[in-house]
Amino acid sequence: MKKNVVFGFLGNVLDQRGKGKRRWLQWRPTIDLCHQSDLPLTRFELLYYQNDYHLLCEVVKDIKILSPQTEVRPIAVNIDDPWDFEQVYTCLFDISKNYSFNSEQEEYYLHITTGTHVAQICLFLLAESRYYPAKLLQMSPPSKKEVIEKNYNLEEADLIAQVPYGNMNIIDLNLHRYDKILTRFQQYAIQATDLLKSGIATRNQQFNQLIAEIEQVASRSHAPILLCGPTGAGKSFLAKQIYLLKHTNHQINGQFVEINCATLRGDSAMSTLFGHVKGAFTGANLARTGLLKNADGGLLFLDEIGELGLDEQAMLLKAIEEKQFYPFGSDKPIQSDFQLIAGTNKDLKLAIENGEFREDLFARINLWSYQLPSLAERKEDIEPNIDYELARYAKEYGIMPRFNQQSRRAYLAFATSQEALWQGNFRELNSSIIRMATLAPQANITLEQVEKEILRLKQNWGKHKSDDSLIPLEIDEFDRFQLEKVIEICQKSSCLSEAGRKLFAVSRIKKQRSNDADRLKKYLAKFGLSWDMVNKA
């Protein structure tokens, strides 16, 4: 069973009634809460003001008499004006951010009988927004208090034994938001989007809007998220940041589990994802716990989900919908409640048409779908990402590499030009920075190094061949300009389907069934070109 933990204010009025044994005749909500047999408290996080220290000592002493198993942890609050919303909210918010919640083993409650109305409102808002992963509790006095009063002449020990229980209720409130509190929420939302971007000051407006929406979805929903985009666009990185955001907000307690589905084949695919029992197949000498079980209570990231086999897709759908599945070779279901994030660089709609992907699974994971832009589509973000990669290199290797003014200008000019294809996206940018940083004398990246790196990148992209060689000589200028743009987009895309989606983004909406890849393939064929020819150029 989970341990019960309560947060609450010491009531400097309600908890301060009576002296000597007379105090046992008076209803004191904090004492009463620790007296509830239906809710045995393991720990009471008791918030108090410095002026109430003597009252705190008396209350703690009485709690020990009635409930010796309850550990009381006093928390002094530094609030000048307990009726000031901003002060109270900020204080309680900071306590939540610094507290180590463990929702798997502990059940949390917020006691709102004591404290000012402002404190009660703030506790409600913080519970509603899940900064405190807690339920709200309100105490009310017993209805037969006169039973104690008739026995006033009893010894104190006998009085304590007859102290009646008050009433405990779970409550709901309907409150307006206050401007300063909303400002606090907005500040935290900014911090959350910064977390998703790992602090990189991105300048691309479309990408920033996308991240802002993902932050809202990640904070408010447990539904699957589908991240689409070319290889190296940052799907895995973003999935990890979403996990950190949800874990920070106490929305999940389990671990982050990641697997690239392109590496799964045959029996090992079933075993890796769902586990197996001993003897399930040849070589299964020991039972195995699958990744779906490992992700229980956490987040499962399935990268390249389009590469998953149809049988595994069917089992995954069942696991998402019913939160249970059968390990390979077993007839006993396993329970696992996880959030799924899926990544793909494939056109899953085209895969459905080709019978390679289940339509029902796509419908289930496509509630929140986001297309991550390639690095070539976010060239204004290349500079802050260069600084991020330099800082990451310094953290890993203990050396901070730096460009001089001339070398930085030269590298940025190339990196943001039409010549730079960035086919490997951010992964390729990272590799480029690592190469220059590693070879930099005294951590100073020189112009000569930049020029060598530019040549290396061009060779990697096959830029030593002229794109003009792909274009037929005897075509109209109108067709030449159009074909040049098509080739440019193809070379910036990871696959035929992705290039087709970009080129036919408007007309495809008007079609009931649109095969963008086939349209692009036929267009290139008009000029004697193919996808492979364009991407090897």
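Only this structure's heavy atoms are used, side chains among them; waters, hydrogens and symmetry mates stay out.
Within the 4.5 Å cutoff, side-chain heavy atoms of Val5 are placed close to those of Glu45. Here the side chains of Glu106 and Thr42 are not in contact, with every heavy-atom distance at 4.5 Å or above. Side-chain contact check for Leu39 versus Tyr109: some heavy-atom pair is nearer than 4.5 Å. Within the 4.5 Å cutoff, the side chain of Arg427 has no heavy atoms near those of the Asn425 side chain. Taking 4.5 Å as the limit, every side-chain heavy atom of Ser497 sits out of range of all side-chain heavy atoms of Asp516. Using a 4.5 Å heavy-atom threshold, the side chains of Arg130 and His250 count as separate. Residues Tyr393 and Ile433 form no side-chain contact, since every pair of their non-hydrogen atoms from C-beta on lies 4.5 Å or further apart. Looking only at side-chain heavy atoms (C-beta outward), Glu304 and Thr231 come within less than 4.5 Å of each other.
Annotation for Asn354: atom CG counts as buried by contact number, over 12 foreign heavy atoms lying within 6.0 Å. Shown here is Lys2, whose NZ atom has more than 12 heavy atoms of other residues, nucleotides or ligands within 6.0 Å. The environment of CD in Gln206 is sparse: at most 12 heavy-atom neighbours from other residues, nucleotides or ligands sit within 6.0 Å. Applying the 6.0 Å contact sphere to CD of Gln205 captures no more than 12 heavy atoms from other residues, nucleotides or ligands.
Classified by interplanar angle (parallel below 30°, tilted 30° to 60°, perpendicular above 60°), the ring pair His247/Tyr243 is tilted. Between Phe101 and Tyr99, the ring planes lie tilted relative to each other; the angle falls in the 30° to 60° range.
With hydrogens and angles disregarded, no donor-acceptor distance shorter than 3.5 Å links the side chain of Ser67 to the backbone of Ile63. When atom types are taken as modelled, the side chain of Thr263 and the backbone of Asn260 share a donor-acceptor pair closer than 3.5 angstrom. Side chain of Ser369 to backbone of Asn366: no donor-acceptor contact under 3.5 angstrom is found. Judged purely by atom type and a 3.5 angstrom limit, Asp81 uses its side chain to pair as donor or acceptor with the backbone of Trp83. At least one donor-acceptor pair under 3.5 Å links the side chain of Thr113 to the backbone N or O of Met139. Checked by atom type and distance alone, the side chain of Asn4 pairs as donor or acceptor with a backbone atom of Pro40 at under 3.5 Å. Counting only distance, with no hydrogens or angles, the side chain of Lys235 and the backbone of Pro230 share a donor-acceptor pair below 3.5 Å.
Here the straight-line distance linking atom OG of Ser336 with atom CG of Asn294 works out to 8.5 Å at 0.5 Å rounding. A distance of 11.0 Å separates CG in Leu390 from CZ in Arg392, rounded to the nearest 0.5 Å. Atom CD of Glu498 sits about 11.5 Å away from atom CG of Leu520, to the nearest 0.5 Å. Rounded to the nearest 0.5 Å, atoms CG (Leu226) and CD1 (Ile305) are 7.5 Å apart. Distance check: Glu359 CD to Lys349 NZ gives 10.5 Å after rounding to the nearest 0.5 Å. Taken to the nearest 0.5 Å, the CZ atom of Phe85 stands 8.0 Å off from the OG1 atom of Thr116.
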Go through the steps to decide whether Thr272 and Arg288 satisfy the test side chain to side chain contact (heavy atoms under 4.5 Å, CB included), and finish with yes or no. CA-CA 8 Å; Thr272 300; Arg288 179 179 183 181; 3.6 Å; yes
How far apart are the C-alpha atoms of Lys97 and Asp94, what are their side-chain angles, what is the distance that settles it, and do they pass the salt bridge (Lys or Arg N to Asp or Glu O under 4.0 Å) test? CA-CA 5 Å; Lys97 297 308 294 181; Asp94 290 339; over 6 Å; no
Going through the distances and angles, do Gln36 and Asp32 end up as a side-chain hydrogen bond (donor to acceptor under 3.5 Å, both in side chains)? CA-CA 7 Å; Gln36 297 291 316; Asp32 189 16; 3.2 Å; yes
Give the intermediate values and the outcome of salt bridge (Lys or Arg N to Asp or Glu O under 4.0 Å) for residues Lys492 and Glu377. CA-CA 9 Å; Lys492 292 179 180 179; Glu377 295 172 307; over 6 Å; no
Would Gln120 and Leu123 count as a side chain to side chain contact (heavy atoms under 4.5 Å, CB included) here? Give the steps. CA-CA 5 Å; Gln120 294 166 0; Leu123 285 172; 5.8 Å; no
Steps toward side-chain hydrogen bond (donor to acceptor under 3.5 Å, both in side chains) verdict (Ser236, Asp303): CA-CA 7 Å; Ser236 177; Asp303 199 10; 5.6 Å; no
Are Glu380 and Arg378 close enough, and set up right, to give a salt bridge (Lys or Arg N to Asp or Glu O under 4.0 Å), and what steps lead you there? CA-CA 5 Å; Glu380 63 268 53; Arg378 292 174 51 195; over 6 Å; no
Could you go step by step and tell me if Lys135 and Leu110 meet the side chain to side chain contact (heavy atoms under 4.5 Å, CB included) rule? CA-CA 6 Å; Lys135 299 177 182 178; Leu110 295 181; over 6 Å; no
Derivation and outcome, side-chain hydrogen bond (donor to acceptor under 3.5 Å, both in side chains), residues Asn169 and Gln138: CA-CA 5 Å; Asn169 300 302; Gln138 186 176 43; 5.5 Å; no
Walk me through whether Gln313 and Leu316 qualify under side chain to side chain contact (heavy atoms under 4.5 Å, CB included). CA-CA 5 Å; Gln313 292 177 32; Leu316 176 63; 5.6 Å; no
Test side-chain hydrogen bond (donor to acceptor under 3.5 Å, both in side chains) on Gln339 and Lys246; report intermediate values, then the result. CA-CA 10 Å; Gln339 180 169 4; Lys246 296 180 76 70; 3.2 Å; yes
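Annotation for Gln87 and Asp80: closest pair OE1-N, 2.9 Å, computed over non-hydrogen atoms. Scanning all heavy atoms of the two residues, the minimum distance from Ser103 to Asn253 falls at CB-ND2, 3.4 Å. Closest of all the heavy-atom pairs between Pro74 and Leu56 is CB-CD2, 3.8 Å. Summarising the geometry of Ala119 relative to Val88, their closest heavy-atom pair is CA-CG1, 3.8 Å, with the distance given to 0.1 Å. Taking every heavy atom of both residues into account, Ala233 and Phe426 meet most closely at O-CD1, 3.6 Å. Here the closest heavy-atom approach between residue Ile320 and residue Pro224 is recorded as CG2-CG, 4.2 Å.
Applying the salt bridge (Lys or Arg N to Asp or Glu O under 4.0 Å) test to every pair with at least one member in residues 331-340, sequence neighbours left out, gives these pairs: Lys323-Asp337.
At a cut-off of 3.5 Å, with distance as the only test, no side-chain donor of Glu428 or Ser432 sits close to an acceptor on the other residue. In this model, a donor atom of one side chain and an acceptor atom of the other lie less than 3.5 Å apart for Glu389 and Asn430.
Within the cation-pi definition used here (under 6.0 Å to the ring centroid, within 45° of the axis), Arg519 qualifies as a partner of Phe504.
Proximity of the aromatic rings of Tyr326 and Phe274 is defined here by a centroid distance below 6.0 angstrom, and this criterion is not met. Under the 6.0 Å cut-off for aromatic ring centres, Tyr132 and Tyr108 do not qualify, their centroids lying 6.0 Å or more apart.
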